[in-house]
Chemist: 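Following this message is one structure expressed as structure tokens.
What you see is a predicted model, and the numbers here were worked out from it, not measured in a lab.
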Amino acid sequence: MHINNELIYKRKILPIEATFLRSIGAFIAIAAQVLGHVDEENFKLAVHKLRKIYPILNCVVTWDENGESWFEEKETKPYIIIKERISENHFEKTIKEEWNKSFDLENGPLTRFILLKSDKKSEIIFMSHHCISDGIGITIIIESILKIMKGEDLNINTSQIKNLPSVKNFIKKRNFNIFAFFDEFSYKYVSYFLNYRWRRSKIYLPPEDIPLTHKIFYNYYEYCTLMDEFTEEETQSFINKCKEYKVTVTSAMTTAFLACRNELDKEHDNFKQLIPVDLRKYVDDDLTCAINCHSGSIDINFSYDTSLTFWENAKIYNKKNKDALNDFKHIKKVQAISNFTTDLVEASILSQRFQTYENLFKDTFSYSSKLGPKSNHVSAYIAKHLIKLNPSFCLTNMGSPNLLDYYGNLKLEKIFYYPSGVAHPPMTVLISVVTLNNRLFLSFHIAKKKNEDNGYEQITIKLKERYKEFLTRDIFLQKG
């Protein structure tokens, strides 16, 4: 691939993207199972065409003299792996192997394309660092690969969009809300004040610490994923039940998780949950196809009440979820993708997060010393407080992606989505849900200590078994 220097893609990394740079295990992946023969050369050609359509897939991360991070297109060889498919769970093992390899941010590439092929059934896997894509984005990538292999000509260049996601191009509420106005003003003020204090303190978190944190982490921890799937009948029964009680699938599945976790893992407080939101519904039309339009999120405070039936709990949760979504355009709800200069505050929070991870990095370097004295540094206080408010788990419902059943001679059979890794003990489990061919496909994602026989992995295995049993049997036996 030859890059024309006059057309080179380069831009400053947005605050949410910069946050992902320092997040351990901030990778994101998708696996699509297709029926039919996938031609190896056609797959390679599709990857090369894709990298021309989306220049951000060719980017590496650079830092300027002020410590600001940038995306910059670089002539790198694509990371492509093609293997013979040897078993039904081959793709699960491949995902785990690749997830536990760090990306080289400065030299790239920041994406991986994998094909596990056989004559009748194959898996196409795309993995990237989370800083360059979100969940909808990787679905767009899979769709683009399938379309290119089918022979379609994609004449789009969505990574070159000038109007990047920010508060400025969000669809505004028509009605003026005085409370939202003061919250927006106070958030801006606090953000600018904290960054002003930070710069005056001359606190600097060196870029070279980023790969070091990943290296140390992977010496002790590894990521594991557990997959599950529903039959078409199980899926339809569950969805019909949700409609009967006027509860969304997301609310019902989250409530079910809380019910099961209350049974199996009483150690963790399940009071606060994180629910990602697709920002494309709230931004200008030209952003809907961007692969780097990062999801926002809402926080739900809810504890499962064992004195109530499951559906009574689900209705309460559903109302909380609905109210939170109605307020989503509130400035505090979209701060993650704002163009305010909040990246230093976010780095402060992440640094405190590292410190909570069993002091894993204390013998190598001290983030707390780089934050300045805790007794007089405002951002350190705020970061320490925010860590206590971290959610206990996250459920990502990708819904039904706008994908075709057939792409030429290939039939899209299954799809599994793998959200960004869990690198903070209180949030021990991530769940993702995708609906395809009238079936639900799930993955449970955890971080565990290497060579650990008990703990989160064993709990999650039991949780996965109980979760499916609960959704496909128990909730249908309840009358209320």
Side-chain angles (χ1 to χ4, degrees), residues 1-3 27-59 73 75-88 90-95 98 108-129 132-160 288-292 398 400-418 434-437 439 441:
M1 180 187 69
H2 179 70
I3 296 175
F27 307 159
I28 194 166
I30 191 169
Q33 185 181 94
V34 294
L35 303 183
H37 175 70
V38 179
D39 182 76
E40 183 176 325
E41 293 304 316
N42 195 20
F43 176 73
K44 290 179 182 177
L45 182 63
V47 171
H48 285 285
K49 286 185 177 180
L50 193 72
R51 282 160 56 90
K52 291 181 180 179
I53 294 170
Y54 301 101
I56 197 169
L57 300 180
N58 310 316
C59 285
E73 196 171 3
E75 194 165 339
T76 58
K77 185 178 179 181
Y79 186 105
I80 301 176
I81 295 178
I82 298 177
K83 295 180 179 179
E84 292 295 327
R85 185 179 187 271
I86 58 176
S87 66
E88 282 295 322
H90 189 185
F91 78 97
E92 299 178 31
K93 294 178 180 179
T94 302
I95 287 284
E98 293 298 321
L110 302 184
T111 58
R112 298 169 189 170
F113 300 88
I114 303 167
L115 171 63
L116 304 178
K117 66 183 183 73
S118 70
D119 289 337
K120 296 182 179 180
K121 189 183 296 184
S122 300
E123 278 88 25
I124 297 172
I125 301 170
F126 173 73
M127 179 181 289
S128 77
H129 197 287
I132 69 170
S133 182
D134 65 3
I136 301 296
I138 60 175
T139 304
I140 292 172
I141 290 296
I142 285 290
E143 180 186 33
S144 298
I145 290 174
L146 292 170
K147 284 183 175 180
I148 294 171
M149 289 196 301
K150 178 185 173 184
E152 289 190 32
D153 186 17
L154 304 183
N155 295 315
I156 55 175
N157 200 323
T158 54
S159 285
Q160 294 285 17
T288 57
C289 292
I291 65 172
N292 56 314
M398 297 291 291
S400 301
N402 187 26
L403 298 168
L404 302 175
D405 293 335
Y406 286 90
Y407 292 85
N409 66 332
L410 299 177
K411 181 180 186 287
L412 184 56
E413 182 73 4
K414 299 180 182 181
I415 195 165
F416 289 92
Y417 167 66
Y418 305 87
V434 185
T435 305
L436 185 73
N437 296 327
R439 297 179 61 194
F441 297 94

Chemist: Could you tell me whether Phe126 and Phe113 have their ring centroids closer than 6.0 angstrom?
Modeler: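 Between Phe126 and Phe113, the centre distance is under 6.0 Å.
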Chemist: Residues two or more places apart in sequence or in another chain: which of them pass salt bridge (charged side-chain N to carboxylate O under 4.0 Å, His left out) with Lys44?
Modeler: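 Lys44 satisfies salt bridge (charged side-chain N to carboxylate O under 4.0 Å, His left out) with Glu40, Glu41 only.
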Chemist: Side chain to side chain contact (heavy atoms under 4.5 Å, CB included) with Asn409: which residues, sequence neighbours excluded?
Modeler: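 Testing Asn409 for side chain to side chain contact (heavy atoms under 4.5 Å, CB included), a comparison that skips the adjacent residues, returns none.
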Chemist: Measure the spacing between CD1 of Ile145 and CZ of Phe43 and express it to the nearest 0.5 Å.
Modeler: 5.5 Å
Chemist: Determine whether the aromatic ring centres of Phe91 and Phe416 lie less than 6.0 Å apart.
Modeler: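 Phe91 vs Phe416: aromatic centres under 6.0 Å.
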Chemist: Output the distance between atom CD (Glu84) and atom CG (Leu116), rounded to the nearest 0.5 Å.
Modeler: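 The CD atom of Glu84 sits 9.5 Å away from the CG atom of Leu116.
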Chemist: Would you tell me whether Gln33 and Glu123 have side-chain atoms, one donor and one acceptor, within less than 3.5 Å of each other?
Modeler: yes
Chemist: Given side chains that start at C-beta, do those of Leu404 and Leu146 come closer than 4.5 Å, heavy atoms only?
Modeler: no
Chemist: Taking all atoms of both residues into account, what is the closest heavy-atom pair of Lys77 and Pro109, and its distance?
Modeler: O-CG, 3.7 Å
Chemist: Is the shortest side-chain heavy-atom distance between Met127 and Ile28 below 4.5 Å?
Modeler: no
Chemist: Can you list everything that forms a salt bridge (charged side-chain N to carboxylate O under 4.0 Å, His left out) with Arg112? Sequence neighbours excluded, please.
Modeler: Glu98
Chemist: Starting at CD1 of Ile136, measure out to OH of Tyr417 and round the result to the nearest 0.5 Å.
Modeler: 8.0 Å
Chemist: By side chain to side chain donor-acceptor pair (under 3.5 Å), which residues pair with Glu92, not counting sequence neighbours?
Modeler: none
Chemist: Can you sort out the partners of Lys93 under side chain to side chain contact (heavy atoms under 4.5 Å, CB included), two or more places apart, ordered by chain and number?
Modeler: Asn89
Chemist: My understanding is that only residues two or more places apart in sequence, or in another chain, count here; which of them pass salt bridge (charged side-chain N to carboxylate O under 4.0 Å, His left out) with Glu88?
Modeler: Arg85, Lys121
